[in-house]
Amino acid sequence: MSVRYFLATTALEEFWDTTRPMLFLGEWCRRFQRRHVWEPLGAEVCPSVWQDPTQAHVGYQVAMAAYEHLLPIVAAELNRFHQVNHGLRYWRIVIGPWLLHYTHILYDRYTSLKAALSHAGEVDTLVLDESCFVTPRDTLDLAQRAGTDLYNLQLYSRILQALGRDFPTKRMVVDPPALPGQSKPGLKARLLELLTGGSRARAPIVLYNSYFSTWHGLRIQVRSGFRVQAIDRQYQAEAHAPDAEKRRNFRPSNEGGDAFMDLVLRLLPMDVPTCFIEGFQALGERGAPEQHGVPRVILAANPWYYDETFKRWAAECQERGARLGGIQHGGNYGSLQNLYSLDHETAIVDDYFTWGWSGEDPRYIPFYAPKLVASGEPAQGRPANSGILLGLTSMPRYLVTFPFTPDAYSQYLRWLQRFYAGLRHKTDLRIRRHFEDFGWDLAARFQEDCPDAMSDSWQVTFRDSLRNCRLYVCDHLSTTFIEALAMDKPTVLFWDPEANALTSEAQPYYDQLRQVGILHDSPEAAAAMVDRVYEDVEAWWGAAARQAAVREFLHHFGRTSPDALDQWVRKLKGMATQENQVHGAV
C-alpha cells in the first residue's frame, strides 16, 4: 500500500500533523532554529522545481509573459470599475509593480504545489480558514507579506481550493507585518522644502527620490536656479477595509489564457490591494503635495514600486504631457539577465539614466551614479585599517520575484560556509549581515558555522565600516561592491556564476575582474586570494593591471567623477529647456 503523506506547506507548526508521515513542500518549512522539531521527523522535502538555475530563468519568462497578458485585462476592468478611461501606460505605472509581484508569486506557488501533488500523489494537509484571509493594503504590503509564513499559507490554501482540493481548515490570526510610517523630512529636507516652496509650480523638472543625498538634492536645486525641484519623501497609502460587495463587482475576464492565468483571475478580486479598489479615489485626491501643476520632466529612481501616491501622480502627469525619466538604483542593473526591475522601469519611462552602461535601448543614457557622487574620497591607504569586512545579502524564504529563488539563497549560504572553512584569517573576519533576516535565523547560523568571526554592527554606516577595514569581500552581485570599488577599497569578490547569469555586454568587464584576481568563481579560490594578499593588500591592489581593470569596470557599471554633481546640474538644466516629447510606450 502506498504511503499517504501529510503535506506541510509552510513553517507554521500549528498546521503540521507530526503523527503522520510528513512531506515538506520546500526548505522554507524547516526553520534553522527549529531543527529539534523537524529533524527527528525524518520527513522528505519535495524536489524543487527551481533547483536548476536555468529553470528559474524559464520561470521568469513564463511569469513575465503571463503578466503582460494579464495587465490589459486588469487595466480594462479597473477602468470600468472606477468609470475612468486611462491608457495602458497609466495602469502599468500604477498597478504594474503589484501585478508583477503577484503574478511571479502565484506562478511559483502554483507550480510548486502542482509538482508536489504529482510527486506524492494523494496527500492530506491543513489549510487556513478563509475567515483569516487578508487583503494587502498596497504593493509594499504584498511584498512584505509574501515573505511570511501566514500569508503564504493563505496563498497555498486558496490555490488548493481553486484546484478543487478540499482539506480541513484551521484558524490562525497573528499581527500583520509592520508597515513603515510616512517618512518625515529631516532638517536638510525641511530647508530644501522651504527654499523651493514658492517655486513648486514653476519648476520644470521634479527630481523625486533620486538616490542623491538630501544635501546634494538641495545643491542641485540651488545651482539649477530652481529649475529642478528635489523631493526626498515616501508616502504610504491610507488603510481601507476591504468591501466585499464592491469586490463582487470586480470581475476581470480571461480570453485566450491558460490554466494558470485562469487561476490568477479567479483569485485576484480578493487580492487586489485596497489602495486600488476601496482607496483609489482617496489616493487621487491626496496627490503629491510637494508639486502643483504638471512639470516638464519627472525623474525618479525607486518610488516606481511602493509609493502609491507618487505613482498615480506621475501616471496622470504623463497623460497630460510630462516626460518620465528613470534612474538606475541598484548595482546589478545592466549586469544580470532577467532583472524584473529593469524591465519594468524601462517599460514606463521615456529616458533611463544608467550608471555607465548603454545596452541596445536608445532610451538608455550612460551617466554618473547618484549613489556614488560622494564616493570620491579613497577608502584605502591608511595603515591603521585592519580586518576583513564581509558584506552579505538576504532574500525571503519564499520567492517574491524570479529568478531569485530560495534554492539560490540556500546555495549562497553553503558557499559562505565554504569560504569561511577555507580562510586562514578567520579571526580577522567581520561579517556584516543584511538587516533583513526573513526567517533564515542568520545570527544563529553564523554563530555555529563561523564561530571565530566578528559581527559588524548596523549602528555603523556601511561607508564607515568600509573605511575601517583593510579588505572588503563581497559574495553577491549587487551595489555594495561597486561602492567599495568607487572608494578605491581593496576588494575580493566571489559568487556562483550559474546563479548570476550576466548579459553579453557585461560579461567582458567581469571577465577582466577575474583575470586580475578580484572576482572568483568559487569560495575556496576567494579565500585563498584573501589569505595571500591580506598582509600587504595595498601593494596587491595598487598593481597597474588591477587598477586599470577597476577603472574600466567602474566606467561602465559605477561611473563617478569629482565633478559628477556639476555634470548632473548641466544635464538637468538642459532637460529643463528641451521641447517635451511624449513617449509612446505602453
Side-chain angles (χ1 to χ4, degrees), residues 53-54 56-69 71 88-89 92-93 96-97 100 104 210-211 297-302 304-305 318 323-372 401-404 477-479 482 485 497-514 519 549 551-561 564 567-568 571 574-575 578 580-586:
T54 60
H57 288 278
V58 172
Y60 178 88
Q61 298 297 336
V62 174
M64 290 303 288
Y67 161 74
E68 291 293 345
H69 179 89
L71 180 63
L88 186 59
R89 188 184 180 192
R92 188 185 292 275
I93 295 167
L100 190 150
H104 281 233
S210 59
Y211 264 53
V297 179
I298 300 171
L299 196 58
N302 63 353
W304 303 109
Y305 296 95
Q318 65 84 25
R323 191 172 182 87
L324 303 185
I327 303 174
Q328 177 181 339
H329 55 92
N332 51 16
Y333 283 60
S335 294
L336 288 182
Q337 295 179 15
N338 295 328
L339 195 63
Y340 83 93
S341 49
L342 177 61
D343 286 348
H344 172 67
E345 290 163 39
T346 53
I348 62 175
V349 301
D350 304 285
D351 306 294
Y352 194 80
F353 287 89
T354 77
W355 290 3
W357 51 274
S358 56
E360 298 179 355
D361 194 316
R363 290 172 296 179
Y364 292 157
I365 303 171
F367 215 63
Y368 299 94
K371 190 174 182 64
L372 304 179
T401 54
F402 287 99
F404 307 109
L477 198 164
S478 64
T479 307
I482 296 179
L485 295 180
E498 291 188 4
N500 294 274
L502 298 174
T503 65
S504 57
E505 179 186 0
Q507 188 71 58
Y509 302 100
Y510 284 86
D511 286 343
Q512 286 184 29
L513 296 183
R514 283 187 177 91
L519 174 59
R551 285 194 301 271
E552 185 71 9
F553 180 88
L554 287 174
H555 184 71
H556 290 84
F557 298 102
R559 189 175 299 181
T560 189
S561 169
Q567 297 283 357
W568 268 105
K571 173 62 90 171
M575 293 174 68
Q578 289 173 356
N580 199 14
Q581 301 173 14
V582 179
H583 176 50
V586 295

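Being a predicted model, the structure only gives us computed values, none of them experimental. Starting from 1, each residue takes its place in the sequence as its number.
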Inset, instruction - Kindly say whether L554 contributes a backbone atom to a donor-acceptor pair with the side chain of R559 at under 3.5 angstrom? - result: no
Inset, instruction - Kindly compute the distance separating OH (Y340) from OG1 (T401), expressed to the nearest 0.5 Å. - result: 4.5 Å
Legend entry - Candidate pair F402 and V62, rule side-chain contact (heavy atoms from CB on, under 4.5 Å), full reasoning: CA-CA 10 Å; F402 287 99; V62 174; over 6 Å; no
Legend entry - Mutual orientation of the aromatic rings belonging to Y60 and H104 [parallel < 30°, tilted 30-60°, perpendicular > 60°]: perpendicular
Legend entry - R92 side chain reached by E68 side chain, heavy atoms, under 4.5 Å: yes
Legend entry - Nearest atoms (heavy-atom pairs only) where G356 meets P366: O-CB, 3.3 Å
Legend entry - 4.5 Å side-chain heavy-atom contact, S210 and L299: no
Legend entry - Residue pair T354 / Y352, side-chain heavy-atom distance below 4.5 Å: yes
Legend entry - From OG (S504) to CD (E360), nearest 0.5 Å: 7.0 Å
Legend entry - Side chains of N302 and H329, donor plus acceptor under 3.5 Å: no
Inset, instruction - Using a 4.5 Å cut-off on heavy atoms from C-beta on, say whether the side chain of L100 contacts that of L71. - result: no
Inset, instruction - For S478 and G331, indicate whether the former's side chain and the latter's backbone hold a donor-acceptor pair under 3.5 Å. - result: no
Inset, instruction - Start with the C-alpha gap between W355 and T479, add the side-chain angles, then the distance that decides, and say whether side-chain contact (heavy atoms from CB on, under 4.5 Å) holds. - result: CA-CA 11 Å; W355 290 3; T479 307; 3.9 Å; yes
Legend entry - Atom pair CG (L502) and CD (Q337), whose distance is rounded to the nearest 0.5 Å: 7.5 Å
Legend entry - Donor on one side chain, acceptor on other, S561 and Y368, under 3.5 Å: no
Legend entry - Gap between atom CD of E498 and atom NE2 of H57 - 0.5 Å precision: 10.0 Å
Inset, instruction - Check each of W357, Y211, Y364 against Q328 using the side-chain hydrogen bond (donor to acceptor under 3.5 Å, both in side chains) test, and report the only one that passes. - result: W357
Inset, instruction - Dump the intermediate steps for side-chain contact (heavy atoms from CB on, under 4.5 Å) on L513 and F553, then the final yes or no. - result: CA-CA 8 Å; L513 296 183; F553 180 88; 3.7 Å; yes
Inset, instruction - On the 0 to 90° scale, with breaks at 30° and 60°, tag the Y509-F557 ring pair as parallel, tilted or perpendicular. - result: perpendicular
Inset, instruction - Looking only at non-hydrogen atoms, find the nearest pair between I348 and R89 and report the distance. - result: O-NH2, 2.7 Å
Legend entry - Distance-only donor-acceptor check, side chains S335 and Y510, under 3.5 Å: yes
Legend entry - A506 to G334 - nearest heavy-atom pair and separation: CB-O, 3.6 Å
Legend entry - E505 side chain reached by S358 side chain, heavy atoms, under 4.5 Å: yes
Inset, instruction - Can you measure from OG1 (T503) to OH (Y333) and round to the nearest 0.5 angstrom? - result: 14.5 Å
Legend entry - side-chain contact (heavy atoms from CB on, under 4.5 Å) evaluation trace for N332 with L342: CA-CA 10 Å; N332 51 16; L342 177 61; over 6 Å; no
Inset, instruction - Measure the shortest side-chain to side-chain distance between Q318 and I93 over non-hydrogen atoms and say whether it is less than 4.5 angstrom. - result: yes
Legend entry - Modelled atom types, side-chain donor and acceptor of E345 and Y305, under 3.5 Å: yes
Inset, instruction - Answer yes or no: is there a side-chain heavy-atom contact under 4.5 Å between D351 and V297? - result: no
Legend entry - Closest non-hydrogen atom pair, H344 against P97: NE2-CG, 3.5 Å
Legend entry - 4.5 Å side-chain heavy-atom contact, R323 and I298: no
Inset, instruction - Give a yes or no on whether the backbone of A564 and the side-chain of W568 come within a donor-acceptor separation of less than 3.5 Å. - result: no
Legend entry - Nearest-0.5 Å distance, NZ of residue K371 to OG1 of residue T560: 12.5 Å
